[in-house]
Structures are given as C-alpha cells and as structure tokens.
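Below, chains carry the letters A, B, ... as their sequence lines are ordered, and counting in each starts from 1. In what follows, every heavy atom counts, from backbone to side chain, and hydrogens, waters and symmetry copies are set aside.
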There are 2 protein chains.
Amino acid sequence: MSPSKTPSTIPEESETGVEGGRRRATINDIARLAGVSKKTVSRVINQSPFVRDETRERIEAVIAEWGYAPDPQARGLAFRRSFLIGMIYDNPNPQYVVNMQLGLLDGMRGSGFELVVHPCNRASPTFLTDIRAFVERQKLFGVVLPPSVSEDERVAKLLNEIGCAYIRIASVELDKPEHMIVGQDRMGGAQAARHIVELGHKRIAFISGPETFRSSHERRGGFEDGLAEAGLSLSPNDIVQGAYTFESGVACGDELLSRSPRPTAIFCGNDEMAAGVLQSARKAGLSVPQDLTVVGFDDFQIAQAVWPPLTTIHTPTREIGRIAVEKLIGDERREPRDVTKMEPNLVIRQSSGPVPA
Amino acid sequence: MSPSKTPSTIPEESETGVEGGRRRATINDIARLAGVSKKTVSRVINQSPFVRDETRERIEAVIAEWGYAPDPQARGLAFRRSFLIGMIYDNPNPQYVVNMQLGLLDGMRGSGFELVVHPCNRASPTFLTDIRAFVERQKLFGVVLPPSVSEDERVAKLLNEIGCAYIRIASVELDKPEHMIVGQDRMGGAQAARHIVELGHKRIAFISGPETFRSSHERRGGFEDGLAEAGLSLSPNDIVQGAYTFESGVACGDELLSRSPRPTAIFCGNDEMAAGVLQSARKAGLSVPQDLTVVGFDDFQIAQAVWPPLTTIHTPTREIGRIAVEKLIGDERREPRDVTKMEPNLVIRQSSGPVPA
DNA sequence: CTGAAAGCGCTTACAG
DNA sequence: CTGAAAGCGCTTACAG
C-alpha cells in the first residue's frame, strides 16, 4: 500500500497483539505500519484537521486493526497535563458520594480519562496544601468539587492560581458560569412548601442543616418563599438547627414534638434528618402521616428504607456528575459555556398527608 | 558546599518555587543544585543503598528545600508502570464502597500512589475486555477487588496473564496467600448463632443473600456451625432466599412471619435485609425484640438508623481496605506474604432479646 | 498536508 | 559509590 522503512511487523509479536499479545503497539508501530511519520499518527490521534482524508483513513484502519490506544502517561508527559480528573469532596453522605462518582464516570466513559478520588477535610491544617500537592503532582486535567468543599472560596482561588480547570457544584451560582453547576435547592424548598400547604397544614416547622452548608440556607430560603406564596411564614421559633445527620434529626424531632401545640408538618433539610424525625415521632407515640407530616430532601436510598417511605425532594446527583465532567472535558468551541442549572422535583410517598382534623 | 556546573538557581523562579513559584523543580534542578548527576538523585528517590551517606544527605536537603517531588507520569513512563491503584468493584452497597475507598486511601497516604475507581458489571458482554483495557492502558500498579467481583476466577486469570498485581478481598481463601484478604464471614455467622442461642431461641430462621455472593454461603455455613454447637440445626424450610436488598428483606420477612408457628428469631445475611424484616414485622403488628429477634450483618449506617437499632455483626471494611493496599504496595522483603485474615465481631443493640415466654 | 529534530522528566542498562 | 548515554511513548515548535 505504501512504502515502509522497516518490516511491517511489531517485534516480539507472537500472537495477535490484541489477544494475549505480549507487547502493546506504540505510535511508532502504527506509523511504520501505515507508512507515515509518527507525527502524522499523532495528528490523527489529536484530531488535527491537517491530514489528508486518505491518509487519515489508512492510519485509522491500522489503529483499529491493532487495537492501538495512546499511552496516557507518555501523552500526559508531553502535554504537561495528565488525563486524570479529580473528585475532591468532603460530603459525609455515602449515597451522595457514590452517585456523584457514577455520574462523573458516566461523563468520561470512552474518553480515555480516569477518575481519581480525593476525600478531604476542611478543618485540617494541611487542607489547602494537600489539595495543591495533589493537583500539581498529578498534573490533573481538572477537578470537580461537590458541596460543601465547592463552597470554599480558598479552594477556587488556589485552583485559579495554579491554572487547574474546575467545576463547582453548588446550590447557588458562586463563580463564573463556566465553573458552575447549580442545583437550585431553593426551588426544591419551594416545592416542599407548596406540597405541605396544599395538604392544609398551618403549624409548620423546619429543621435546618448546618450553617456551614450553603444548601441549608437555600433549602430554608426556598421553603419560606413557597410558604409566602400562601401567605404563611416561619417564625424563628419554627426553625430548629440540625446537622444533616440521623441523630440530629431525632434530637430536633424530640424538641419540636414536645411543644404544645406541636407542629403538624415538619420539613427537614435532608432525608437523614427526616428519618430521625420519624423515629422521634414513633417514640412520642405519633403516627405518620396521620398525626404528623414529614418531608425530606435528596431522595437517597434511606428515603425508601424507612417506614413510612418519605415524601422528599429528588435531586439528580448522578446527572449532575455527568454534566460536570462533560463541561470540564467538553469541546470548548461547541457552545458558550454558560452556567448549568439542574432542577429538583417533588416525590410524594407516604410520610405526608392532610392536616389532622 | 560542592561544585555545581551551572548557576545554583532554577530558571524563571520569581518567588520561592514552593509557594506561588511558577515552575516545579525537576530532577535536573535538584541534581544541579546538589552538584551531582541526575542518576544519583534518582538513586536517592528510589532508596538505592549505593549512595554515600554524605551525598544522600546533601541531596535530601536540596529536595526538602525545594519541595521537590518526582513527576509520577515521567517516572511511570520510565518504569513502564504507573503509580495508580485501581479499585474494581460491583458491590451495590454505597456504604461499603465508600468505607472501602477510605480504607484504600488510608493505606496509600503519603506513598505517592493515587486511587482510580472502576465500577464494573459482571453481566456486561464487555466485562473482561473493559477491565483489561483499563488495567493495560493505565499500566496500573495493581488492583484491589472487593466482593463479588473478587470471586470471579476469570478476572484473577486475566490479571495473572497480563502481569498485574492484585488483591482479592473475599470471605474465604480463593487464591494464593499473597493475593488474599479473608473476611472470615463464617466466623461472624457463628457469632450471630451463639448470641441467638444464648437468648433461648429455638424457632430460628435465616434469610440468605443471593447465591452468586460467596458471603451468602459463608454466613449461612457459619450460622449453622454456631447452631450445631448447641445441638440445633436449620431445616431447608428455615432458610429463605433474599437478595441483600431492603425490599427482599421485606418480602422474606412477610413470608416467614406469616407462618404458624412463626420463628422467634431471624438472622439476616446483611443489614439491609434485616431492616426490611423490621418493616415487615411492623406491618404484621409484631414488636422487636419482644415478639421477634432480628440480627443483621455488616454494621453499616443503616443498622443504627432503623428502629430498633440492629444487633449485627461488624465487619472492619475500612481496615480491610487499608491492609489490602499495604499488601499491594508493601515492602516485599519485609515479611512472608501469607494470607491476611480479618475478624468480624458481634455488636449487640436493641433488635435482639430473650425468646418470648 | 507531512516530517525530522528536540524535548517532556524520569529510569535502565552499561561503564568506570 | 557515581555518571554519560540511550530510551520510555508521546507532543511541540520549526521546516518544508
């Protein structure tokens, strides 16, 4: 087909080179077999437009035949950037972490990128140093930051300084559009409020997440927005501070349910706390939803594992992860990189019902 | 201190090179600054004994001063092996996955290795091809296989063929000692049996995990061992097949509790199913532990989130992860690489109690 | 549209 | 105990 300077075989190949072959093909092998220079093969790999169609097709055929895939380490060394994407997170919820990882992997499937996970601790004295060492040493292509580390301005500043691409996943827009995926927790809070209002409740309480999570404020704010639409509002007394944990849900539930008159509906900042309230209600001898309506947020596994199954606000965590990666590795020329917004939605199960007569 | 052939500075360094420095030091910089060849620096990095103490100290001082860390990509390219460790898994439990990841990261802290996660699906037609491509392309240093993918002999065979180091985490020894970490689920099953027997139960049932998980068999076998110690045994009728899911726990609970006479104690293959049985008991109007004793396995988060909190068998997932990595990257000369065994242990909470009068 | 040279930051033989 | 040369598998200038 075309002259090749050396024999058209790969040294040491005893079998097919694909199945059970001893040595993987390199760019040199492909170049030789296709009768071109390695630079031209490189152009094909990197989708350069400056290759004649005929040449490209010939090279692509050889690549396919040999099952060649460029070595990410060599490519990374030359590019001065690896093909690794870091997930840096401090979210304590296993379900969230796993869903997010699956979403990120969805987004990089077939791209040649790999996911490197990096839990962190914002309270650690080496917090920023650790992240910097991780990113610089691995020459990460980019990082994805879920809440609450996504809300830390120091991290964003650091990443900008060292020139590392990043996506922040948060409940509000806290950075330039190209860096943001917004979960719109506020909208979810309003959905919960409308549902509770429609059921006729008036004595309504809210269990908030920790102050340090932006989502705590958004979910509360949205809830108040939704109540306001019906002319209702939350007094400071109606808001109790939890910690997004099951135990804190129990404690907050205990406090709210001991009041007189007690609330007929409680909206919780997440499912864990809602599950805690369910347990608190049981201890108090109250039936859900007959005596008390409980609404959660997130729609993680626990929402369906408790009894009764929780009415909650579903957040599309996995989809958010996929879109985050696509935004990170995506084709810059494809579209203006505006902020990406995701919508939560209400899932009605059995923990919510009409206000008791 | 010693002659250096070129000026003792790093080009382009405008600041300290550590904080806010523009360029990271390379092996060449260190060699020049220490007045040695890069090969000698390489010897220090790789802990070669053939370096004079004085030389080593001088080089180490320069390395520390500049905060130099070798580039993993360049090192990997030369070594023909990356510094990435893969976790290949198909375990459906988020808590297990996260705990295992944390354990693996514990084991690699400070080592320069990074963790690349790779969920897989044993039912996929490209299952083995995917794993092969992942391992070969990334030139993985090694992989850790938790259950149930750890139980797949095809994967072990593939890894052996392509010469990739691996550790299998399983409930029994299914490979050479150097490849195994054994969870000893059998022992845990026996612990559950002894606890139930001590409480005086005679009508005892077992809800098994899926046939495809080795742990299902081990947990049952251990449970039967423990019962046998007290002269008790399980008839085929006392064993119901679940699927390690909450829903399957509900279904199996429904079946067992509709029998007459019904069992007074149910041992479940994992916590998820035990939580399902709790829900089933509630539907049937039974109190736990007054009317029914329920015992789980794993001691994941859900064990404490349900009501009553579950008596269960704690498995040290995170520790197992740490030890798996240590075994993988550990110093070969340190010790004979025998099989590593981990012990589960009984955690008594409120779902178990004396047999009803 | 294509290629020869130099380089990314390390290590492996091979000498001494 | 130490070093100069060659190479790992790619890409970036620079030519043509």
Query raised in the report: With a distance cut-off below 6.0 Å to the six-membered ring centre and an angular limit of 45° from the axis, does B/Arg81 pair with B/Phe141 as a cation-pi contact?
Result: yes
Query - Side-chain-base donor-acceptor pair under 3.5 Å for A/Arg24 and D/dG9 - result: no
Requested in this report: Starting at atom CZ of A/Arg81, determine the distance to atom P of D/dG9, rounded to an integer number of angstrom.
Outcome: 24 Å
**Report entry** Between P of C/dG9 and CZ of A/Phe79, the distance in whole Å
**Finding:** 15 Å
Query - Counterpart base for D/dG16, defined by Watson-Crick or G-U wobble contacts under 3.5 Å - result: C/dC1
Query raised in the report: How long is the line joining CZ of A/Phe83 and C1' of C/dC8, in whole Å?
Result: 13 Å
Report task. Measure from CZ on B/Arg80 to C1' on C/dT12 and round the result to the nearest Å. Result -> 7 Å
Query raised in the report: So which nucleotide from D/dC1, D/dT11, C/dG3 ends up closest to the side chain of B/Arg52?
Result: D/dC1
Report summary line: From the candidates D/dG9, D/dC1, C/dT11, the one with an atom nearest any side-chain atom of B/Thr55 is D/dC1
Query raised in the report: Once you round it to whole Å, what is the distance between C1' of D/dG9 and CD1 of A/Ile30?
Result: 12 Å
Query raised in the report: Can you tell me if B/Ser124 and B/Asp130 form a side-chain donor-acceptor pair at under 3.5 Å?
Result: no
Query raised in the report: Nearest to the side chain of B/Lys39 - D/dT11, D/dA4, D/dT2?
Result: D/dA4
Requested in this report: Starting from the C-alpha separation in whole Å, work towards a yes-or-no answer on salt bridge (charged side-chain N to carboxylate O under 4.0 Å, His left out) for A/Glu178 and A/Arg168.
Outcome: CA-CA 9 Å; A/Glu178 65 266 29; A/Arg168 299 166 75 173; over 6 Å; no
Requested in this report: Mind checking B/Phe50 for me? I need base, sugar-phosphate or nothing, with any heavy atom below 4.0 Å counting as a touch.
Outcome: base
**Report entry** First encountered from the 5' end of DNA chain D, between A/Asp71 and A/Arg43
**Finding:** A/Asp71
Query raised in the report: Touch check for A/Tyr68, heavy atoms < 4.0 angstrom, all strands: base, sugar-phosphate only, or nothing?
Result: sugar-phosphate
Report summary line: The nucleotide from D/dG3, D/dG7, D/dT11 with an atom nearest the side chain of B/Ser37 is D/dG3
Query raised in the report: Does B/Arg75 put a side-chain nitrogen or oxygen below 4.0 Å from OP1 or OP2 of C/dG9?
Result: no
Query raised in the report: Can you check the B/Gln73 CD to C/dG7 P distance for me, whole Å?
Result: 20 Å
Query - Atom pair distance, as rounded to whole Å: CZ in A/Arg58 and C1' in C/dC1 - result: 13 Å
Requested in this report: May I ask you to verify if any side-chain N or O of A/Asn28 is less than 4.0 angstrom from the OP1 or OP2 atom of D/dG9?
Outcome: no
Query - Residue among B/Leu159, B/Ile181, B/Ile131 satisfying side chain to side chain contact (heavy atoms under 4.5 Å, CB included) with B/Leu145 - result: B/Leu159
Query raised in the report: If you take all heavy atoms of A/Val97 and A/Asn91, which pair is closest and at what distance?
Result: CG2-O, 3.6 Å
Requested in this report: Take B/Thr40 and B/Leu77, find for each the nucleotide of DNA chain D with the closest heavy atom, and name the residue whose nucleotide sits nearer the 5' end.
Outcome: B/Thr40
Report task. Decide if the gap between the ring center of B/Tyr89 and the ring center of B/His118 is smaller than 6.0 angstrom. Result -> no
Query raised in the report: Roughly, in whole Å, what's the span from CZ in B/Arg56 to P in D/dC1?
Result: 9 Å
Requested in this report: May I ask you to evaluate whether A/Ser42 reaches the phosphate of D/dT11, defined as a side-chain N or O under 4.0 Å from OP1 or OP2?
Outcome: yes
